[in-house]
Protein chains: 2
Amino acid sequence: MTMYGSRPTMKDVASHAGVALKTVSRVVNGEPGVKPRTAERVSRSIAELGYRRNDSARVLRKGKTASIGLVLEDIGDPFYAMLSRAVEAVAARHGSLLITGSSGEDPGRERALALAFCARRVDGLIIVPASDDHTYLLPEIDAGIAVVFADRPPRLIEADTVLTDNVRGAFDGVTHLIRGGHRRIGFIGDAPHIYTAAHRHQGYLDAMAAAALPVGGSWVSMAAPDAGSVGSALRRMLSGPEPVTAVFCGNNRTTVLALRELRRTGAAVALAGFDDLELFDLLTPAMTVVAQSTGEIGRTAAELLFRRIGGYMGPAECVELPASLIVRGSGEIPPASG
Amino acid sequence: MTMYGSRPTMKDVASHAGVALKTVSRVVNGEPGVKPRTAERVSRSIAELGYRRNDSARVLRKGKTASIGLVLEDIGDPFYAMLSRAVEAVAARHGSLLITGSSGEDPGRERALALAFCARRVDGLIIVPASDDHTYLLPEIDAGIAVVFADRPPRLIEADTVLTDNVRGAFDGVTHLIRGGHRRIGFIGDAPHIYTAAHRHQGYLDAMAAAALPVGGSWVSMAAPDAGSVGSALRRMLSGPEPVTAVFCGNNRTTVLALRELRRTGAAVALAGFDDLELFDLLTPAMTVVAQSTGEIGRTAAELLFRRIGGYMGPAECVELPASLIVRGSGEIPPASG
DNA sequence: TTGAAAGCGCTACCAG
DNA sequence: CTGGTAGCGCTTTCAA
């Protein structure tokens with residue numbers, strides 16, 4: 001065993017095997033033009049010294065890292081975990097490693113992560129934006145780093161983007177509630193500056209307008225979700241002279257929080273939400289949701305990215321994937337008489 | 001804007017600003033000893049050229065990458081997503097990036113990922129083992145790469161390890177079912193070569209033995225879980241002359257699969273399982289589980305890792321975290337008369 | 001089939 | 001306070 005902290009280099013292997021450094025390089029990289037006997041001898045030295053190629057040096061020389069970066073909001077959220085899984089699968093197929101970072105919805109952190117990845121010279125970047133200005137990426141894109149946006153579009157720059165049709169999804173969900181006989185329907189969204197939150201809110205408004213239904217003053221909540229904000233929003237829309245009989249939630253977090261609040265109070269309200277979660281189908285009643293193709297978003301984004309990395313130079317493309325209503329019961333509770 | 005694919009280097013910045021390369025280096029790295037006026041001029045050149053330090057070169061020179069690798073089973077699994085989140089938080093605090101790879105329970109892929117990370121010269125590695133031989137890591141450890149194991153211990157080598165007390169956890173869960181009056185209790189585990197599966201199985205056997213209860217021939221299933229295997233195992237243990245009245249599941253996946261099967265058949269069986277999931281508390285009945293401190297496992301592993309990276313040379317340490325029984329209802333269904 | 005030399009972009013070390 | 005030089009470990013290029 002070598003001394004602690006040491007690391008054999010190609011040079012070490014070369015002198016151990018009695019060949020030139022370049023010959024070792026050829027063997028390590030499986031390049032042709034090495035006599036089998038020589039290759040054999042080199043391989044033995046490699047094994048004996050425990051040599052492992054230093055990819056840092058390789059990267060420096062070649063300019064390609066065979067790695068991509070993924071900036072998302074929170075790797076602990078099931079939605080993003082699924083997205084990561086899909087991205088990782090595609091990356092693995094391309095022989096690429098995946099570096100992940102969570103922005104926590106903080107624009108500064110998104111930027112710091114993206115630039116840190118660029119400093120490592122990742123071949124490409126998939127970003128779920130938290131920032132409202134992506135011009136900071138222009139020098140990077142100009143220098144040849146491929147960038148694809150997922151879940152939300154870029155701001156102030158153009159790039160390949162993969163989105164869910166959020167307006168249409170929310171429209172379908174809310175329309176479903178309306179068809180169930182509801183006329184007073186609440187919407188619990190997220191911070192209004194978040195693209196998906198804004199679009200789903202729009203889908204809600206469109207559906208209400210299409211059915212010629214008014215929207216009461218206390219029926220909409222657009223705030224970063226936590227137990228407190230969702231709870232009080234729900235209490236507000238369920239009380240007063242015009243209580244809602246159904247609620248549509250803007251994402252998996254608000255849905256779960258609303259669910260907990262409704263369980264606590266025992267209110268019999270129809271509930272549907274954007275995003276599906278693993279156990280939603282086992283609840284009583286099971287959750288009616290508008291489901292995104294989470295894996296498909298990640299897969300598509302990764303494939304667009306590798307197309308760019310592969311040299312594709314076409315104009316920026318935006319892929320919009322459909323969301324689909326899954327009827328399970330919670331959204332089919334009829335409106336209370338009145 | 002520079003030509004496509006170009007990238008200004010320190011040398012470019014230096015000549016642009018009319019200073020020596022080393023001065024640029026000082027400014028970029030915030031080193032002292034540069035006159036404010038000079039620094040200002042350099043900063044302007046940096047901004048103007050869109051310069052960004054090439055960390056590949058930096059890494060090559062310094063030997064430290066400020067990045068760690070995490071090899072786990074599947075980033076899409078909520079358990080590992082939570083673990084990642086905790087690891088990433090600690091890494092961020094140490095200014096380190098996180099490279100993640102999913103082994104899919106394949107020893108070859110675990111090894112390939114770990115070695116790929118080492119080739120990138122990550123400063124350290126957190127591994128959730130799929131392999132039963134980690135001697136391949138010896139040259140890496142010898143060369144100074146810190147390695148910590150999480151969720152499952154290393155095989156044939158020694159290293160810091162963070163585990164849950166799986167035997168005790170399963171023992172407590174099964175004992176709880178026994179206290180509820182059950183005498184015939186089934187166990188649905190995972191592939192027996194998986195450490196956690198084996199230990200939880202042991203905890204089950206211990207609990208049965210401690211209560212002097214026999215274990216029927218068809219009461220235990222140790223197989224990689226899918227709807228088919230769990231379904232048939234469950235049908236087997238619920239039929240025949242000695243049907244179980246309660247089932248303990250070995251992890252979140254088997255629990256969910258069993259839950260679905262029981263819903264499908266409508267069998268009234270007490271059910272408890274290892275691992276908690278987000279919506280388990282909202283089911284009817286809510287799931288009684290033995291919960292691990294998932295975030296704590298990740299946090300502890302990451303902290304042990306950075307202690308090693310920081311130069312700590314003490315003997316390998318094994319931290320065992322407790323699992324705690326959460327009583328919610330599904331495990332308190334009394335045994336059917338008979 | 002093999003080898004020698006140049007240099008990727010940066011930091012460490014020593015001069016001025 | 002500033003600059004030059006060496007060299008991290010590898011690949012590229014060209015020569016033998």
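The model shown is predicted, which means the values in this text are computed figures rather than measured ones. Below, read A as the first sequence line, B as the second, and so on, with proteins coming before strands; counting in each chain starts at 1.
In this structure, the side chains of A/Val13 and A/Leu49 come closer than 4.5 Å at one or more pairs of heavy atoms. Contact annotation: the side chain of B/Lys64 approaches that of B/Ile309 to within less than 4.5 Å [non-hydrogen atoms, C-beta and beyond]. Counting only heavy atoms from C-beta outward, the side chains of B/Leu321 and B/Leu163 never approach each other to under 4.5 Å. Side chains of B/Thr100 and A/Leu98 form no contact here, defined as non-hydrogen atoms less than 4.5 Å apart. Side-chain contact between B/Tyr51 and B/His16 is absent, with no heavy atoms from C-beta onward closer than 4.5 Å. A/Arg155 has its side chain out of reach of A/Phe149: every pair of non-hydrogen atoms, C-beta onward, lies at least 4.5 Å apart.
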Which pairs of donor and acceptor atoms, one on a side chain in residues 112-133 of chain A, lie under 3.5 Å apart (sequence neighbours left out)?
from	atom 1	to	atom 2	distance (Å)
A/Arg120	NH1	B/Thr65	O	3.1
A/Arg120	NH2	B/Thr65	O	3.0
A/Arg120	NH2	B/Ala66	O	3.2
A/Arg121	NH1	A/Cys118	O	3.1
A/Arg121	NH2	B/Arg52	O	3.3
A/Asp123	OD1	A/Thr65	N	3.0
A/Asp123	OD1	A/Thr65	OG1	3.2
A/Asp123	OD2	A/Ala66	N	2.8
A/Ser131	OG	A/Asp133	N	2.9
A/Ser131	OG	A/Asp133	O	3.0
A/Asp133	OD1	A/Thr135	N	2.9
A/Asp133	OD1	A/Thr135	OG1	2.6
A/Asp133	OD2	A/Thr135	OG1	3.4

All N/O donor-acceptor pairs, side-chain side in residues 28-35 of chain A, below 3.5 Å, sequence neighbours left out:
from	atom 1	to	atom 2	distance (Å)
A/Asn29	OD1	A/Arg53	NH1	2.5
A/Asn29	OD1	A/Arg58	NH2	3.1
A/Asn29	ND2	A/Ser25	O	2.9

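Note that the first and last nucleotides of DNA chain C, 5' to 3', having any atom under 4.0 angstrom from a heavy atom of chain B are C/dG9 to C/dC13.
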### Task
Could you encode protein contacts along nucleotides 8-16 of chain D as a string, one character per nucleotide from 5' to 3', using B for base contact, S for sugar-phosphate-only contact and - for no contact, with a heavy-atom cut-off of under 4.0 Å?
BBBBBB---

#### Entry: CA sep, side-chain torsions, deciding dist, call: A/Ser103, A/Glu73, side-chain hydrogen bond (donor to acceptor under 3.5 Å, both in side chains)
CA-CA 5 Å; A/Ser103 72; A/Glu73 202 217 311; over 6 Å; no

### Message
Run the salt bridge (Lys or Arg N to Asp or Glu O under 4.0 Å) test on A/Arg299 and A/Glu296 for me, step by step, so that the C-alpha distance in whole Å, both residues' side-chain angles and the decisive distance to 0.1 Å come before the verdict.
### Response
CA-CA 5 Å; A/Arg299 201 183 59 71; A/Glu296 193 66 9; 2.7 Å; yes

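Using a distance-only test at 3.5 Å, with no hydrogens or angles considered, no donor-acceptor pair links the side chain of A/Ser96 to the main chain of A/Ala92.
Cation-pi geometry between B/Arg152 and B/Tyr195 is not met at under 6.0 angstrom from the ring centre and within 45 degrees of the axis.
Using a 4.0 Å heavy-atom distance criterion, A/Val19 is classed as a sugar-phosphate-only contact.
Contact check of residues 37-48 of chain A against DNA chain C (heavy atom, cut-off under 4.0 Å) returns A/Thr38.
Taking five base pairs at each end of the helix from C/dT1-D/dA16 to C/dG16-D/dC1, the local helix axes there meet at an angle of 40°, rounded to 10°.
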